[in-house]
Amino acid sequence: MRVVYMGTPDFAVLPLRKINEAGHEIVGVYTQPDKPKGRSNKLVPPDVKVAAVELGLDVYQPEKLREASVVEELRDLNPDIIVVAAYGQILSEDVLNIPKYGCINIHASLLPKYRGASPIEACIINGDETTGVTIMYMAKGLDTGDIISQAECPVGLHNTETLTAELSKLGADLVVKTMADIEAGTADRIPQKDEDSCYSGKLDKTMGIIDWNKPAVEIERLVRGLYPWPCAFMTLGDKNLKLIESEVVDVLDDTVSVGKVCEVTKKYFVIKCGEKGLKIKKLQPEGKKPMDTVAFLNGYKVVVGQ
């Protein structure tokens with residue numbers, strides 16, 4: 001098939017490669033414009049652009065996909081299908097109507113659960129045992145289109161970074177199979193039950209504020225769910241710390257109040273929570289690189305009751 005592919009972050013790279021390997025003709029890759037990064041504000045290309053250039057594919061980076069000239073450009077490409085994976089822009093009805101096989105989306109949850117921008121983070125934070133990917137036909141609503149295919153995987157102890165990589169692999173294999181089914185006319189089309197849906201909105205830094213009155217198991221999930229951005233964070237004395245890896249443990253000294261350090265060794269320290277304690281195993285002090293707690297404790301004194 002003639003394919004227009006739309007995606008931006010690393011999650012969308014492997015599906016692009018797999019579609020290309022499957023022999024489809026990718027006539028254009030749409031991705032977000034390059035963005036300034038770091039103190040130098042140097043423009044950095046999206047991961048999908050880097051991969052597309054490497055594959056020798058034509059790249060398009062419109063500021064707004066809905067502009068008439070961009071829509072006309074898409075029509076001229078004459079795609080049989082448009083495949084979308086974490087593109088970052090809403091497709092207008094004019095765009096949705098261009099390809100004869102429609103527009104399909106690789107969504108990182110088992111729809112109708114977790115429609116919206118942060119399904120991977122949501123499944124970790126909420127303690128789901130299983131997640132997966134959904135290939136769906138795109139419609140005017142937010143992730144409301146008919147389901148074509150799904151594949152599951154366990155959440156386990158993944159953080160968002162590692163689970164995103166797993167779901168990218170799963171989605172890459174599933175979208176290639178699904179495209180073959182669509183071309184053959186054998187693809188399913190299952191309407192979503194809106195009453196079973198829930199929404200996962202955009203992330204913001206305030207989500208990383210830790211409430212130590214909550215059970216340690218919930219805080220540990222927050223740490224995993226918000227890594228690598230925006231990260232769960234805390235203050236310890238005069239230090240602002242992002243938490244990268246933690247573990248739920250029993251509290252040895254129950255006389256210490258919630259939100260204070262209740263155990264310190266040479267390798268880790270534990271903070272008392274509403275239920276049990278949170279062992280801090282890896283962190284990132286403000287302005288420094290991530291480090292094991294061992295390295296942090298070598299340069300910073302932590303005491304019980306702090």
Side-chain angles (χ1 to χ4, degrees), residues 1-35 43-62 65 70-91 95-109 111 119-120 132-138 143 145 147-153 161-188:
M1 288 192 283
R2 288 175 62 83
V3 180
V4 163
Y5 187 83
M6 297 181 176
T8 298
D10 188 55
F11 172 80
V13 169
L14 193 55
L16 171 65
R17 293 187 183 278
K18 288 283 187 178
I19 291 168
N20 188 63
E21 288 172 11
H24 295 287
E25 182 187 1
I26 301 175
V27 295
V29 175
Y30 281 70
T31 189
Q32 295 283 63
D34 297 0
K35 290 187 176 179
L43 287 176
V44 177
D47 294 323
V48 163
K49 179 181 179 179
V50 174
V53 170
E54 181 188 318
L55 294 170
L57 303 172
D58 292 333
V59 176
Y60 302 83
Q61 295 177 276
L65 193 67
V70 178
V71 175
E72 195 56 39
E73 181 182 65
L74 266 167
R75 282 200 186 97
D76 290 343
L77 289 174
N78 191 29
D80 295 319
I81 193 168
I82 294 177
V83 181
V84 181
Y87 175 42
Q89 292 195 46
I90 294 172
L91 274 61
V95 172
L96 293 174
N97 291 333
I98 290 173
K100 68 177 182 180
Y101 290 117
C103 302
I104 64 172
N105 181 43
I106 307 169
H107 184 77
S109 82
L111 289 171
I120 301 175
V133 291
T134 300
I135 312 297
M136 55 175 281
Y137 285 108
M138 298 184 73
D143 300 327
I147 293 167
I148 312 169
S149 57
Q150 293 184 316
E152 295 185 7
C153 80
E161 183 175 60
T162 59
L163 186 55
T164 298
E166 285 296 310
L167 293 175
S168 177
K169 293 175 189 174
L170 203 61
D173 291 335
L174 187 61
V175 76
V176 169
K177 179 182 181 303
T178 303
M179 289 171 68
D181 291 342
I182 289 171
E183 194 173 16
T186 59
D188 289 330

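Interatomic distance, NZ of Lys35 versus OG1 of Thr8, reported as 8.0 Å (0.5 Å rounding). Atom CG in Asp143 sits 5.0 Å away from atom CE in Met136 (nearest 0.5 Å). Distance CD1/Ile98 to CD1/Ile81: 13.5 Å, rounded to 0.5 Å. Rounding to the nearest 0.5 angstrom, the gap separating the CD1 atom in Ile148 from the CG atom in Leu111 is 11.5 Å. The CG atom of Asp188 lies 13.0 Å from the CD1 atom of Ile135; values are rounded to the nearest 0.5 Å. In this structure, CD in Glu25 is found 13.5 Å from CD1 in Ile19, a value given to the nearest 0.5 Å.
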Margin query: With side chain to side chain contact (heavy atoms under 4.5 Å, CB included) as the criterion, how do Ile104 and Val84 come out once you've worked through the C-alpha distance, each side chain's angles and the decisive distance to 0.1 Å?
Written below: CA-CA 6 Å; Ile104 64 172; Val84 181; over 6 Å; no

Checklist line | Audit row: Val70, Tyr30, side chain to side chain contact (heavy atoms under 4.5 Å, CB included) steps and yes/no | finding: CA-CA 11 Å; Val70 178; Tyr30 281 70; 4.3 Å; yes

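Scored by the side-chain contact (heavy atoms from CB on, under 4.5 Å) test, Gln89 finds Gln32, Leu65, Tyr87 as partners (sequence neighbours excluded). In this view, Gln61 and Thr31, Asp34, Pro46, Lys49, Val59 satisfy the side-chain contact (heavy atoms from CB on, under 4.5 Å) rule, not counting sequence neighbours. Asp58 pairs by the salt bridge (charged side-chain N to carboxylate O under 4.0 Å, His left out) definition with nothing, not counting sequence neighbours. Applying the side-chain hydrogen bond (donor to acceptor under 3.5 Å, both in side chains) rule to Tyr5 yields no partners; only residues at least two apart in sequence or on another chain are considered. Applying the side-chain contact (heavy atoms from CB on, under 4.5 Å) rule to Leu96 yields the partners Leu91, Cys103, Met138; only residues at least two apart in sequence or on another chain are considered. Taking the salt bridge (charged side-chain N to carboxylate O under 4.0 Å, His left out) definition, one finds that Glu152 meets it with nothing, sequence neighbours left out.
Panel note: side chain Thr134, backbone Gln150; no donor-acceptor pair is recorded below 3.5 Å. His24 places a side-chain N or O within donor-acceptor distance of the main-chain N or O of Met1, the cut-off being under 3.5 Å.
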List the atom pairs, with distances to 0.1 Å, where a side-chain N or O of residues 171-179 and a protein N or O form a donor-acceptor pair under 3.5 Å, not counting sequence neighbours.
residue: Lys177; atom: NZ; partner: Asp181; partner atom: OD2; Å: 3.2
residue: Thr178; atom: OG1; partner: Ser149; partner atom: OG; Å: 2.7
residue: Thr178; atom: OG1; partner: Leu174; partner atom: O; Å: 2.7

Could you list the donor-acceptor pairs under 3.5 angstrom formed by side chains in residues 161-168, with sequence neighbours left out?
residue: Thr162; atom: OG1; partner: His158; partner atom: ND1; Å: 2.8
residue: Thr162; atom: OG1; partner: Asn159; partner atom: N; Å: 3.1
residue: Thr162; atom: OG1; partner: Asn159; partner atom: O; Å: 3.2
residue: Thr162; atom: OG1; partner: Asn159; partner atom: OD1; Å: 3.2
residue: Thr164; atom: OG1; partner: Thr160; partner atom: O; Å: 2.6
residue: Ser168; atom: OG; partner: Phe11; partner atom: O; Å: 2.8

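Scanning both residues, Tyr60 and Leu77, for their nearest heavy atoms gives OH-CD2, 3.6 Å. Residues Ile26 and Leu16 share a closest heavy-atom pair of CD1-CD1, 3.7 Å. Here the closest heavy-atom approach between residue Gly132 and residue Leu170 is recorded as CA-CD2, 4.4 Å.
Residues in residues 75-85 take part in these side chain to side chain donor-acceptor pair (under 3.5 Å) pairs, two or more places apart or across chains: Glu72-Arg75.
Atom CD1 of Ile90 has 12 or fewer heavy atoms from other residues, nucleotides or ligands within 6.0 Å.
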